[in-house]
Amino acid sequence: MIRKVWWKILSVVLLLYTCSYGFLVKVPTLDDRLQESIRNFFFHVPMWFAMMVLFGVSVVYAVKYLRHQQPVHDHYSKAFAITGTIYGFLGLSTGSIWANYQWGSPWSGDPKQNGAAIAMLIYLAYFVLRGSMNDEEKKARIGAVYNIFAFFMLFPTLWILPRLTESLHPGGEGSEGNPGLNGKDMDANMRTVFYPAVLGWTLLGVWISTLRVRYEIIKEQRLANE
Amino acid sequence: MTLLFTSLLVSSVLMAQGSAMETDVMRSNGKIYVVMAVVITIVVVLIAYVALLDRKISQLEKKNH
């Protein structure tokens with residue numbers, strides 16, 4: 001599956017569509033505060049959706065490793081965690097750029113910004129933890145256990161706490177339901193670009209992760225053959 | 001960067017006069033196509049690099065067997 005071509009071509013098509021119609025699709029006028037910068041929705045937000053998927057795959061393989069002790073599962077877990085972390089930092093930086101123009105400063109101490117920063121630190125600690133061990137089996141096993149903790153910490157930091165207090169982000173205290181996913185929050189035109197964008201960016205992240213997995217497998221085979 | 005800043009500046013000046021057609025400023029002055037071209041260039045080059053890596057790895061995998 002990771003060597004198949006069709007889903008990679010799909011990713012390219014979806015991304016080209018996103019990068020063109022993202023700028024051409026008509027966006028609502030509303031109260032003139034966001035204006036056309038709302039188009040960032042097709043770039044900044046998919047970074048986070050894709051990150052959730054990538055970290056989700058990473059934790060699934062962490063659990064698989066703990067159950068079966070197959071090294072390949074650890075390769076998958078680490079590779080998807082790396083790409084997920086990169087997407088997370090892309091989300092933080094694109095968010096800061098947008099916030100600078102929209103909220104007046106790149107960092108406002110907004111609950112979701114803080115939550116995202118904490119989540120990123122938790123995943124960085126995963127790599128520090130792995131790096132601190134020399135024995136491959138221990139590295140993989142202890143890393144996998146920490147990975148599970150890190151994944152579940154995404155929920156309070158990103159999805160729960162930011163919604164319990166006042167927030168600059170959509171969904172803070174006082175809003176109803178899940179922002180963006182309840183059908184009322186996004187203009188129908190924008191949705192035609194948003195969902196393909198999420199899928200396109202996610203598939204690209206999966207593609208990059210699978211390349212790293214394949215590289216690790218080749219490396220292992222080379223070492224075994226010598 | 002200058003482009004983005006200029007357009008935001010222009011928009012804010014227009015806002016002071018109560019203009020309602022803010023959402024198509026960049027399309028009306030044709031500059032949105034510049035932004036689109038820049039983004040597509042970046043994405044295409046990055047994807048081409050990923051595709052190149054994919055091909056290199058496929059060749060290595062074939063060599064191993």
Side-chain angles (χ1 to χ4, degrees), chain A residues 2-5 8-9 11-39 42-43 83 97-98 100-102 187 189 197 200-201 203-222 224-225, chain B:
Chain A
I2 62 178
R3 293 173 186 89
K4 289 277 184 347
V5 173
K8 297 166 185 171
I9 297 187
S11 159
V12 176
V13 167
L14 289 172
L15 284 176
L16 288 176
Y17 169 75
T18 303
C19 294
S20 45
Y21 281 93
F23 297 106
L24 300 175
V25 76
K26 188 155 179 14
V27 292
T29 324
L30 299 182
D31 61 5
D32 243 13
R33 282 188 297 169
L34 273 168
Q35 301 174 26
E36 283 198 80
S37 79
I38 191 62
R39 295 178 189 280
F42 307 129
F43 301 92
T83 317
I97 296 172
W98 194 359
N100 191 34
Y101 291 99
Q102 198 62 41
D187 175 69
N189 274 336
W201 289 114
L203 285 177
L204 180 66
V206 172
W207 188 4
I208 294 172
S209 310
T210 58
L211 286 181
R212 182 180 281 273
V213 171
R214 290 162 66 188
Y215 167 69
E216 297 281 340
I217 292 176
I218 294 176
K219 233 173 35 169
E220 235 175 22
Q221 286 172 343
R222 285 274 173 99
N225 285 343
Chain B
M1 205 61 189
T2 325
L3 207 61
L4 180 64
F5 187 68
T6 317
S7 65
L8 282 166
L9 210 56
V10 168
S11 308
S12 57
V13 169
L14 284 175
M15 260 162 67
Q17 298 170 342
S19 164
M21 286 316 298
E22 288 308 327
T23 50
D24 286 319
V25 165
M26 293 279 272
R27 195 203 289 243
S28 56
N29 64 14
K31 296 285 165 49
I32 192 67
Y33 300 108
V34 177
V35 177
M36 194 171 99
V38 166
V39 171
I40 289 186
T41 305
I42 292 174
V43 166
V44 162
V45 168
L46 285 178
I47 289 181
Y49 179 55
V50 171
L52 177 76
L53 289 179
D54 197 311
R55 203 157 357 120
K56 279 197 180 185
I57 290 182
S58 299
Q59 286 166 353
L60 279 176
E61 282 169 342
K62 237 179 279 217
K63 227 169 41 153
N64 266 5
H65 288 291

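Letters go in sequence order (proteins before strands), and every chain restarts at 1. Basis for what follows: all heavy atoms, side chains included, without hydrogens, waters or symmetry-related copies. For clarity, every value in this text was computed on a predicted model and none was experimentally measured.
Taking CD1 of B/I57 as the reference point, atom CZ of A/R212 lies at 10.0 Å (rounded to 0.5 Å). For the atom pair A/I218 CD1 and B/L60 CG, the distance stands at 4.5 Å (nearest 0.5 Å). In this structure, the separation between CG on A/L204 and CD1 on B/I47 is 5.5 Å, given to the nearest 0.5 Å. The line from CG of A/N225 to CG of B/N64 is 6.5 Å long, rounded to the nearest 0.5 Å.
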Next item on the list: Carefully, step by step, assess B/V50 and A/K8 under the rule side chain to side chain contact (heavy atoms under 4.5 Å, CB included).
Entry: CA-CA 10 Å; B/V50 171; A/K8 297 166 185 171; over 6 Å; no

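A 6.0 Å sphere centred on OH of A/Y21 holds no more than 12 heavy atoms belonging to other residues, nucleotides or ligands. Summarising the local packing, CZ of A/F43 is surrounded by more than 12 heavy atoms from other residues, nucleotides or ligands at distances under 6.0 Å.
B/V43 has its side chain out of reach of A/T18: every pair of non-hydrogen atoms, C-beta onward, lies at least 4.5 Å apart. Residues B/Y33 and A/L24 meet the side-chain proximity criterion, which asks for heavy atoms closer than 4.5 Å.
A/R214 is linked by a salt bridge (charged side-chain N to carboxylate O under 4.0 Å, His left out) to B/D54, B/E61, counting only residues two or more places apart in sequence or in another chain.
Of all heavy-atom pairs between B/V35 and A/F23, the closest is CG1-CE2, 3.6 Å.
Within the 4.5 angstrom heavy-atom criterion, atoms from both the backbone and the side chain of B/A51 approach chain A. For a residue to count as touching a neighbouring chain, one of its non-hydrogen atoms must lie under 4.5 Å from one of that chain's; by this rule B/K63 touches chain A with the side chain only.
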